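Computed from a predicted model, the values in this text were never measured in an experiment.
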Amino acid sequence: MKEIVSGSEALMRALKNEGVTTIFGYPGGAIMPVYDALYDYTQGEQKAFHHVLARHEQAATHAAQGYARVSGKVGVCIVTSGPGATNTLTGVADAMMDSTPLVVIAGQVNIGALGTDAFQEVDLVGVAQPISKWSYQIRRPEDVAWAVSRAFYIARSGRPGPVVLDFPTNAQKGTCTWEAQHVDFVRSYVPYPTLDQQAVSRAAELINGAKRPLALVGQGVELGGAQQELLAFLERADIPCGRTMLGLSAVPTDHRLNMGMLGMHGQYALSQLTQQCDVLIAIGMRFSARVTGLMSTYATQAKIIHLDIDKSEIDKCIKTDVAVVADCKESLPAITRLLDKAQHTAWISAFKPYHDEEEATVIQPATHPTDGPLLMGEVVRTVAEATKGEAILVTDVGQNQLFACRYFSFSHQRSIVTSGGLGTMGFGLPAAIGATLGAPSRCVCLVTGDGGFQMSIQELGTIMEQKAPVKMILLNNNYLGNVRQWQDMFWNHRRAFTRMLNPDYETIAQAYHIDYERVSDRDALADAVERMLTTDGPFLLECCVKEDDNVLPMTTPYRNVDEMALALAPDTEG
C-alpha cells in the first residue's frame, strides 16, 4: 500500500535516495515545513542526515561547495525565501563558474501569493536561471521526487554545476502519494558526448609529430576522475605540463613532467615556452584570460588540441585545430593508445634555465628570506613542508590565494579548493568547513587573508559548533593586499581604502573556544606551524606578514603571456 506523505517528507525521502548524508543550511519561515520534516531525519539511531547550521546562507553554499569539491559528491544547501534565497546566489554563481555540483533548495511564499510582493518573496527561478545549470519551481508535492532526482542528475552529470529548486510553502505542506523517481535522461541534454574517433586520430597524429608538445591541465581531469589516465598520456609521449589553479592537484607536485602553475602569477618557464611549443594540448580547461594573457597573440605558432566535455568551450576563447569533445576519462586513453612512445629530452630541458632564473630572483627570496618581516611565501612554504603534500589546501581570494597556490604541494587528487572563476572573497572559511566534512580523514589547511577572513568571520561559530578541525593560517598584512598591489602598479600608489584596521583576532578566537597563536618572528614559525598541525580540532594561526609584499612573477592584463615580469619596475614598488 502506497503512503500519503507531505511534500516536505517527500523531499527528505528523495534526498536520502540520492545518497545525501550532509546538508548545509539556515532555517526561516518559508522553509519551516521542510525543517520540521528534517528534524526527524537528524535524530536517534535512524539518523539519515547531518545538518550543518551555517551563520549565513552564502556561507552555507560555500561550505557545500567545499564538501563537493573534496568528496566528489553533490553539495546540498537548504534555505528560506527572499533574502535567504538571494544570499545563496553568489555561491550559485561561483559553483557555475567552477563547475561544482550543488543543489540549493529554497523556500518560497505560497503559490497564490506569487506576484503580490508578499513578505520575503523573490523570483528566485528567474534570478538564478542565468547562473545555474537548471532552476525550477516545485509547485506540487507530487512533483518533488521527480524534481529532486532531475536536479541531482543535472548537477552531477557531464560538466557539473549548480541547480536551484524553488519550493513554495503550500507544496511543502500539501500531500501526495510517495513514489520514488529516478531520472537519468533529460531531452536535449547530452552530458556525455559521443567520442569522435576521427578527432582522436587527428589529435594523436599531431602529438606524434610534435617536437615541442605542451599540455595544459585543468580541473576537468579531477572532475572526470582521470588522474591516472592523464599520467599515462603524459608519460607515454613525454609531454611536459602546466596546471591551472583549479587543476593543481591533478598532477603530483613532484612529478617530473609537472612544470608548475599556469597563468598571470604562474611559472615563468610556462609563460615563456607556451609561445614556443608546436602542439598545445588543453585538457579539461577553458582558456581563461588569467591563463592566456592577450588572447590574440596566445600560442599562435602552435597547433591547438582541446579536450573538453563541454562543447561550448571549444573555440570560445582560443581557436582550436582539433577538438575532442568527450569526458577526458574516455578521451585521454583513446588518444594514448595511438601515441608513439616518445622522448622530448631537449624540449623538457628548455624549461630549466627559466626555472632557475625564477628560483633565484623570485622563489628563494619569497620562501627563504633571511631578514625583514615574515613573508607570505615563506609561511606557505613552511606549512607545505610540514604537511608533505598530504593536506587539502583551501584558500580565500587575493594575495593569500596566489602565494598559497604557487608554493603549496600536492600528492593526492581533489586537494585544492579555491574560488577560481568568480574570485569570491569570503569563500575560504566556509569552504574549509565543508572540506573537513567531505574528507574527514584528511588535514584541511585554510590559507586566508585578513580581508577575506572578515567577510565570513561569523563562520567561526559554525566551526565551534561542528568542532570542524580547520587549520586556519591567517596572513595578516593589514591590507586588501592584491588591490593594494594593483593600486601601486597601475594607480600611482593611490591606496584608496585598502588599508585595514583589524580586530584582536586572539580575543575573537577565545570567544569561539578556538586554539590560537600569533607569530611574527621567523625563528618561531616552524614550531608554531607544528603546534597548529598537532593540535586536535580547529586552530587559528595568525601570521603577521610584510604589509607591502607583492605576488611575482606577473603578466599584467592585456599583455602577451610571455611578457611576464619577474620584478616590479622601480616606480611600482611599495
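- Evaluation of the side chain to side chain donor-acceptor pair (under 3.5 Å) rule for T90 yields no partner, not counting sequence neighbours.
- Put simply, the side chain of Q487 gets close to the backbone of A496: a donor and an acceptor are under 3.5 Å apart.
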Next on the checklist: V104 vs V92, test: side-chain contact (heavy atoms from CB on, under 4.5 Å). Steps then yes/no.
Outcome noted: CA-CA 8 Å; V104 173; V92 172; 4.0 Å; yes
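- The closest side-chain donor-acceptor pair between H265 and Q399, if any, does not fall under 3.5 angstrom.
- Residues passing the salt bridge (charged side-chain N to carboxylate O under 4.0 Å, His left out) test with R290, sequence neighbours excluded: none.
- N502 and N478 share a side-chain donor-acceptor pair at under 3.5 Å.
- Proximity of a side-chain donor or acceptor of R139 to a complementary backbone N or O of P168 within less than 3.5 Å is not detected.
- Put simply, the residue from L541, I508, L540 that forms a side chain to side chain contact (heavy atoms under 4.5 Å, CB included) with Y516 is L540.
- Ring-centre distance between H51 and Y35: below the 6.0 Å cut-off.
- Within the 4.5 Å cutoff, side-chain heavy atoms of Y136 are placed close to those of D143.
- Taking 4.5 Å as the limit, some side-chain heavy atom of I131 sits within range of a side-chain heavy atom of L89.
- The two residues Y67 and G75 make their nearest non-hydrogen contact at CD2-CA, 4.3 Å.
- Atoms CG and OG, on D123 and S135 in that order, are 8.5 Å from each other to the nearest 0.5 Å.
- Here the CG atom belonging to L422 is positioned 8.0 Å from the CG atom belonging to D98, to the nearest 0.5 angstrom.
- Residue R69 holds its CZ atom at 11.5 Å from CD1 of I392, rounded to the nearest 0.5 Å.
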Next on the checklist: H50 vs T42, test: side-chain contact (heavy atoms from CB on, under 4.5 Å). Steps then yes/no.
Outcome noted: CA-CA 6 Å; H50 175 60; T42 59; over 6 Å; no
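- When side chains are defined from C-beta on, L11 counts as touching I105, because their heavy atoms get closer than 4.5 Å.
- For S71 (side chain) and G438 (main-chain N/O), no donor-acceptor pair under 3.5 Å exists by modelled atom type.
- Applying the salt bridge (charged side-chain N to carboxylate O under 4.0 Å, His left out) test to every pair with at least one member in residues 151-180, sequence neighbours left out, gives these pairs: K2-E179, E18-R156, R159-D310, R159-E313.
- Not one N or O on the side chain of T424 forms a donor-acceptor pair closer than 3.5 Å with the backbone of F427.
- Rounded to the nearest 0.5 angstrom, Y512 OH and Q458 CD are separated by 7.5 Å.
- No donor-acceptor contact under 3.5 angstrom links the side chains of E459 and S456, judged on distance only.
- K316 NZ: more than 12 foreign heavy atoms inside a 6.0 Å radius.
- Checking side-chain atoms of T320 against main-chain N and O of I314 turns up no donor-acceptor pair under 3.5 Å.
- For V79 against C77, the heavy-atom pair with the smallest separation is CG1-SG, 3.9 Å.
- Heavy atoms of other residues, nucleotides or ligands lying less than 6.0 angstrom from OH of Y39 number 12 at most.
- Using a 4.5 Å heavy-atom cutoff, the side chains of M245 and L402 are in contact.
- To the nearest 0.5 angstrom, T169 atom OG1 is 8.5 Å from I111 atom CD1.
- Cation-pi check for R55 over Y26 is not met; the charged atom does not lie both under 6.0 angstrom from the ring centroid and within 45 degrees of its normal.
- At a cut-off of 3.5 Å, with distance as the only test, no side-chain donor of Q108 or E121 sits close to an acceptor on the other residue.
- For E222, the side chain to side chain donor-acceptor pair (under 3.5 Å) partners two or more places apart in sequence, or in a different chain, are Q227, S249.
- The shortest side-chain heavy-atom distance between V70 and V417 falls under the 4.5 Å cut-off.
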Checklist entry - V394 and V447: side-chain contact (heavy atoms from CB on, under 4.5 Å), yes or no, with the steps? => result CA-CA 6 Å; V394 184; V447 175; over 6 Å; no
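- Residue C405 comes nearest to I416 through the heavy atom pair SG-CD1, 4.1 Å, listed as atom of the first residue, atom of the second, then distance.
- Not counting sequence neighbours, T116 has no partner by the side chain to side chain donor-acceptor pair (under 3.5 Å) test.
- The distance between the ring centers of H182 and Y153 does not fall below 6.0 angstrom.
- Side-chain atoms of T88 and E57 form no donor-acceptor pair, as typed in the model, at a separation below 3.5 Å.
- Heavy atoms of other residues, nucleotides or ligands lying less than 6.0 angstrom from OH of Y192 number more than 12.
- Residues F119 and S81 fail the side-chain proximity criterion, which asks for heavy atoms closer than 4.5 Å.
- Atoms CZ and CG, on R499 and L480 in that order, are 11.0 Å from each other to the nearest 0.5 Å.
- Looking at every heavy atom in both residues, I473 comes nearest to C543 through CG2-SG, 4.2 Å.
- Distance alone, capped at 3.5 Å, places no donor-acceptor pair between the Q120 side chain and the G28 backbone.
- Taking the six-membered ring where the residue is Trp, the centroids of F410 and F408 are separated by under 6.0 Å.
- Side-chain atoms of S149 never come within 3.5 Å of backbone atoms of A145 as a donor-acceptor pair (strictly under, hydrogens ignored).
- Side-chain N/O atoms of D396 and Q401 include no donor and acceptor closer than 3.5 Å.
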Checklist entry - What do the steps show when you test R495 against D488 for salt bridge (charged side-chain N to carboxylate O under 4.0 Å, His left out), and what is the final call? => result CA-CA 7 Å; R495 297 180 176 181; D488 285 354; 2.8 Å; yes
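- Looking at Q454, its side chain does come within 3.5 Å of a backbone N or O of D450 through a donor-acceptor pair.
- N550 and R484 share a side-chain donor-acceptor pair at under 3.5 Å.
- Taking 4.5 Å as the limit, some side-chain heavy atom of L460 sits within range of a side-chain heavy atom of L429.
- For NZ of K319, the number of neighbouring non-hydrogen atoms (other residues, nucleotides, ligands) closer than 6.0 Å is 12 at most.
- More than 12 heavy-atom neighbours from other residues, nucleotides or ligands sit within 6.0 angstrom of CG on D504.
- Residues L102 and A64 approach most closely at CD1-CB, 3.5 Å, considering heavy atoms.
- A donor-acceptor pair under 3.5 Å is absent between the side-chain atoms of K133 and the main chain of P162, judged by distance alone.
- Side chains of R13 and W178 form a contact here, defined as non-hydrogen atoms less than 4.5 Å apart.
- Remark: the N476 side chain and the E542 side chain contain an N/O donor-acceptor pair separated by less than 3.5 Å.
- Residues L53 and Q466 approach most closely at N-NE2, 4.3 Å, considering heavy atoms.
- Annotation: side chain to side chain donor-acceptor pair (under 3.5 Å) contacts involving residues 432-447, sequence neighbours excluded, comprise S415-R442.
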